[in-house]
Amino acid sequence: MKPVSISFAEFRSCRLLLGIALALCFSRVSSTTNETDRLALLAFKAGITEDPSGVLTSWNNSIGFCRWHGITCGRRHRRVTVLDLRSQGLSGSISPHVGNLSFLREMWLEYNSFNQEIPPHLGQLRRLRILRLTGNLLVGEIPKNLSGCSDLVTLRIGDNDLTGEIPGELGSLLKLRDFGLYANNLNGRLPSFIGNLSSLEVLFLALNDLDGSIPQVLGHLTNLQFIGIGENRLSGTIPSSLLNLSSLTQFDAGNNQLQGTLPADIGLKIPDLVFLSVLDNQLEGPIPSSISNCTKLDRLQLGGNKFSGKVPSWENLYVLSWLQIFANQLGSGKPEDLSFLCSLTNSTKLEYVGIDRNQFGGVLPKCIGNFSTALILFSVAENQISGEIPKEIENFVNLEVLYMELNQLSGVILSSLGNLQNLFAVELSDNNLGGTLPSSLGNLTNLITLRLDGNNFHGQIPSRLSNCRSLNLLDLSNNNLSGAIPPQLLGLWSLTIILNLSRNHLTGVLPIEVGNLITLTALDISNNLLVGEIPSSLGDCTSLTSLRMGGNFFHGLIPQTIRSLGGIDELDLSCNNLSGQIPEFLTIFHSLKLLNLSYNMFEGKLPSKGVFRNASRTFIVGNNDLCGGLPEFHLPNCISRSSKSKRINLVTLSTSVIFGVLGVALILAFIYLCWFKKTITERVPSSRDDSLPNVSYGALLKATDGFSSMNLIGVGSFGSVYRGILLEVSGTIVAVKVLHLVRHGALKSFIVECEALKNIKHRNLLKILTVCSSSDYRGNDFKALVYEFMDNGSLEQWLHPSATSSHGTELPKRLNIIQRMNIAIDVASALDYLHHQCHISIIHCDLKPSNIVLDDEMVAHVGDFGLAKFLIGSSLDAVANRMSSVGFRGTIGYAPPGNLSLKSRKCIYPKRLLMDLFVRSLVENNNSYDLTHITS
Ligand SMILES: *[C@@H]1O[C@H](CO)[C@@H](O)[C@H](O)[C@H]1NC(C)=O
Ligand SMILES: *[C@@H]1O[C@H](CO)[C@@H](O)[C@H](O)[C@H]1NC(C)=O
Ligand SMILES: *[C@@H]1O[C@H](CO)[C@@H](O)[C@H](O)[C@H]1NC(C)=O
Ligand SMILES: *[C@@H]1O[C@H](CO)[C@@H](O)[C@H](O)[C@H]1NC(C)=O
Ligand SMILES: *[C@@H]1O[C@H](CO)[C@@H](O)[C@H](O)[C@H]1NC(C)=O
Ligand SMILES: *[C@@H]1O[C@H](CO)[C@@H](O)[C@H](O)[C@H]1NC(C)=O
């Protein structure tokens with residue numbers, strides 16, 4: 001990369017001299033004056049609707065415009081040459097009058113919220129060399145007139161909402177070196193005029209809808225270093241001329257429909273390659289062994305293709321950090337398949353090894369113990385690997401992810417695994433592992449996912465697993481585990497996804513501690529030897545959507561508390577000894593898709609409403625004393641039974657009359673109370689029951705030091721957010737969002753947000769503590785929302801730390817890839833919850849880094865529901881929502897997990913977020929992929 005900066009510096013100084021000469025000539029004939037510039041800047045300011053940090057207050061007539069914030073003027077002619085307002089949170093439109101800034105050479109407006117179209121008047125800026133509009137909300141087409149900026153060297157309009165084709169007129173920008181239109185909605189073909197832009201060094205068109213084939217002529221770009229065309233719909237083969245360009249350092253064509261093979265000599269033709277990704281295409285043939293000659297290679301991403309044959313050895317890849325060859329047809333099931341792993345011991349920076357979903361056979365060689373200790377991910381899942389897990393993996397002290405499921409591994413889990421303190425995902429499912437579960441697993445306090453199902457583990461479930469305080473998912477099903485369910489384990493309220501203990505030989509009762517699992521989505525304890533009654537505390541697990549307890553020896557009644565599990569869609573209590581009536585409340589479980597009560601001892605009348613109207617969803621066979629119900633169930637008629645025992649019936653009749661009267665009275669009282677209460681509380685959304693009391697304006701005034709600017713931590717579309725200390729409640733630190741009620745829509749946003757947050761609760765949603773709806777001391781309406789305070793601020797501050805960050809809190813301004821993945825997963829689980837697991841689907845509609853906050857453990861929380869929409873009857877059901885496959889399994893980095901890219905981009909916008917989290921980190925934050933040097 002060095003040579004570029006040097007040559008560019010030279011280029012720059014030449015241009016400077018030329019520029020001055022031209023300026024001198026031009027200023028004599030030019031009719032424009034510095035007054036034109038002043039007026040144009042004021043027009044630009046007038047187009048801005050929001051300026052949260054007030055950078056434009058200095059744009060006033062008390063000082064000359066050359067001293068306005070973000071303005072640089074030429075030394076002699078005092079005309080504006082640079083307009084730099086990047087990362088200032090500005091919104092509004094870009095005024096067409098900027099086209100009058102005829103001396104402008106650089107325009108930096110990236111990472112703001114400029115909306116509307118790019119004014120074609122920019123095409124008048126003949127001296128413009130740098131135009132950077134990345135990371136805004138610009139819409140419409142790319143103006144053809146930009147071809148007028150014939151001096152343009154950098155054109156970056158990535159990460160906006162631009163549509164249409166890439167205009168052919170841009171083919172005249174022959175000086176262009178850096179051309180970035182990534183992450184828009186551009187369509188049409190990848191234009192072949194790009195082949196004429198002979199100075200091009202960076203071509204970044206990823207994440208659009210471009211189709212057709214990659215033009216051969218790109219092979220003429222002998223200065224090209226970076227080509228990013230991933231995540232489009234490109235087809236055909238990769239032109240061999242392109243993979244001949246010795247200047248290339250980074251090549252990314254991942255997530256397209258490309259076919260063919262990689263040329264055998266690729267490593268000899270492109271020796272300086274640092275990054276090579278063809279992830280998720282349809283490429284085939286062998287992996288060229290010449291890649292081993294690319295001694296600077298850092299990331300090699302060949303996953304998700306049809307590569308086959310033997311994997312070559314890589315001993316010259318000294319700086320390789322990512323090796324992703326997962327999901328191909330590599331290997332042949334033979335013992336020597338994995339010998340290439342030993343060649344990786346020379347790669348001292350190795351972090352990610354993903355070779356899962358291939359046909360590798362043999363055993364894991366002991367040499368892997370010599371892998372770099374930097375190793376973070378080791379995934380060999382879904383192969384045909386046999387033998388034991390080498391004890392050498394205890395050397396991977398930084399390992400965070402270990403995937404070995406679906407192989408033929410045997411032996412035991414060594415207790416030294418418990419020393420790998422950084423592990424957060426361990427999946428060893430579906431192997432032939434045995435022995436007992438080491439209690440040292442309880443040392444893995446960062447563990448989020450633990451899957452050990454489908455093995456032959458025996459003995460007890462170690463109660464120390466309850467020390468894994470981060471565990472979201474625990475699957476121990478399908479083993480030979482015995483003994484009781486440790487009550488401590490059920491105290492693990494971090495469990496949110498699934499607790500699966502099914503198909504073991506567990507004995508004893510279901511401990512009442514099960515009621516602690518209030519955020520758990522699925523609980524499966526079926527097919528064990530459990531006894532006793534169903535604990536009524538189970539009714540506290542209100543997040544459950546699936547509850548399976550079949551195939552045990554539970555007896556007694558279904559507790560009435562189960563009534564509160566209204567969100568459940570699968571309830572299996574089959575093959576137990578449960579008795580009594582089938583509770584009527586099951587008829588109002590509207591999301592119930594499967595109800596299995598078969599082979600129990602239920603009696604009495606089968607309800608005929610709700611799920612009981614559908615014989616394909618309800619299973620009740622093997623209960624001999626049931627009657628009534630729909631004819632499809634073939635049950636005897638209830639009346640015929642009543643004649644058998646008249647006396648009992650008389651008793652029940654009289655009791656039911658008494659209870660009936662009582663019931664009616666109760667219902668009336670209830671309705672009265674509710675009605676009464678409703679009329680009181682209707683206007684102010686009630687605060688949550690487990691929260692702080694409603695607070696007054698005065699209390700918030702005190703808490704935030706009179707809403708002082710010292711405590712201002714952010715300004716959003718409808719309000720300002722302050723940090724505050726609520727003295728009333730033992731000094732809880734809170735974030736107070738004060739609504740700007742004058743702003744159109746703010747009140748609506750307040751009501752929407754209250755409504756959205758009233759009934760939902762999730763680990764990754766920002767918790768609202770209380771609301772304040774009153775009037776301030778001047779009698780104006782005052783509305784505020786009080787949230788938990790998040791120590792690590794918003795994701796925005798991490799991703800786009802603005803140059804003029806106003807607050808002294810020094811954040812370490814980089815997120816590592818694991819943190820980024822965690823954030824993506826956190827956000828995905830919040831969205832999954834909102835879309836699929838709430839009673840009604842909620843679409844956030846304003847998902848962006850500034851609305852995601854990070855707590856002291858860097859757990860992401862989605863907040864700001866001011867623009868949320870409610871979908872009654874989820875139309876999003878079609879969208880795959882399986883959390884387990886959000887998996888970062890191998891597909892780390894450039895390729896965003898497919899399930900997250902919900903296509904309805906109008907409202908939900910996770911793609912942009914993923915761009916922020918992953919792509920930018922790859923190409924802009926990481927030193928080795930730093931592109932900014934080219935223009936700075
Ligand atoms: C910019 O130039 C055009 C054409 O010369 C003129 O009509 C317009 O008023 C100018 N804008 C400002 C803000 O001076
Ligand atoms: C004008 O700009 C100056 C310099 O930044 C600033 O101190 C002053 O407050 C501004 N005046 C107004 C009226 O905004
Ligand atoms: C604009 O030009 C006039 C006359 O050439 C000069 O007096 C004035 O200082 C200039 N203004 C700025 C902001 O440079
Ligand atoms: C490429 O690597 C192979 C094996 O590592 C070596 O024999 C060969 O000389 C290398 N070729 C070049 C051109 O460096
Ligand atoms: C590591 O590199 C050295 C050369 O630097 C080479 O001799 C050795 O064979 C390599 N080791 C492996 C395991 O490939
Ligand atoms: C890990 O677990 C073992 C056995 O349970 C225990 O003796 C040891 O102290 C633990 N180590 C750490 C670092 O917590």
Side-chain angles (χ1 to χ4, degrees), residues 19 22-23 25-75 77-109 112 114-131 133 136 138 140 143-152 169 706-712 715 720 740 742-743 802-808:
L22 268 177
C25 298
F26 198 73
S27 58
R28 244 191 277 150
V29 292
S30 167
S31 60
T32 63
T33 65
N34 61 11
E35 181 61 8
T36 318
D37 282 9
R38 198 178 66 85
L39 292 176
L41 290 175
L42 289 175
F44 175 78
K45 180 181 177 182
I48 288 174
T49 54
E50 277 177 53
D51 173 17
S53 30
V55 287
L56 296 184
T57 48
S58 70
W59 287 35
N60 63 45
N61 290 331
S62 69
I63 49 171
F65 64 77
C66 288
R67 285 163 60 207
W68 292 357
H69 185 103
I71 302 296
T72 307
C73 288
R75 229 172 299 154
H77 51 65
R78 309 301 290 162
R79 304 291 302 269
V80 178
T81 54
V82 179
L83 172 60
D84 182 353
L85 291 170
R86 66 188 110 160
S87 302
Q88 298 291 358
L90 301 173
S91 33
S93 59
I94 299 176
S95 162
H97 295 288
V98 291
N100 293 6
L101 295 171
S102 46
F103 283 74
L104 197 66
R105 288 154 40 107
E106 300 182 12
M107 183 188 281
W108 302 70
L109 299 179
N112 283 294
F114 285 105
N115 43 43
Q116 304 188 22
E117 305 198 348
I118 301 172
H121 307 73
L122 291 187
Q124 301 162 15
L125 299 173
R126 300 194 187 285
R127 293 184 174 84
L128 198 65
R129 294 182 41 233
I130 297 177
L131 177 58
L133 304 174
N136 281 291
L138 297 166
K144 298 182 173 56
N145 306 17
L146 283 187
S147 59
C149 309
S150 52
D151 266 358
L152 216 52
E169 284 78 359
F707 301 108
S708 79
S709 58
M710 283 291 292
N711 284 325
L712 186 68
V715 183
S720 307
H740 297 158
V742 284
R743 184 150 292 145
S802 85
T804 56
S805 176
S806 44
H807 297 279

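Indexing begins at 1, ligand by ligand and atom by atom, following the structure's order.
The protein does not reach atom 4 (C) of ligand 1 closely, with no heavy atom under 4.0 angstrom from it. Distances from atom 7 (O) of ligand 1 to the protein include no heavy-atom value under 4.0 Å. When distances from atom 14 (O) of ligand 2 to the protein are checked, a heavy atom turns up under 4.0 Å.
Atoms CD and OG1, on Glu106 and Thr72 in that order, are 8.0 Å from each other to the nearest 0.5 Å. Asn60 contributes atom CG, which lies 6.5 Å from atom NZ of Lys45 (distance to the nearest 0.5 angstrom). Interatomic distance, CD of Gln116 versus OG of Ser95, reported as 11.0 Å (0.5 Å rounding).
Listed by number with element, the atoms of ligand 2 under 4.0 Å from a non-hydrogen atom of Asn60 are 1 (C), 2 (O), 3 (C), 8 (C), 10 (C), 11 (N), 12 (C), 14 (O). Close approach to Thr57 involves these atoms of ligand 2, each under 4.0 Å from a residue heavy atom: 1 (C), 2 (O), 10 (C), 14 (O). Atoms of ligand 2 lying under 4.0 Å from at least one heavy atom of Ser58, given by number and element, are 2 (O), 5 (O).
Between the side chain of Asn112 and the backbone N or O of Gln88 there is at least one donor-acceptor pair closer than 3.5 Å.
From the protein, the heavy atom lying nearest to atom 9 (O) of ligand 1 is His97 CE1, 4.4 Å.
Here Asn100 has side-chain heavy atoms under 4.0 Å from ligand 1, and that is the only part of it that gets that close.
Summarising the geometry of Ile71 relative to Leu83, their closest heavy-atom pair is CD1-CD1, 3.6 Å, with the distance given to 0.1 Å.
Here the rule is side-chain contact (heavy atoms from CB on, under 4.5 Å) with Phe65, and of Glu35, Arg78, Arg38 only Arg38 fits it.
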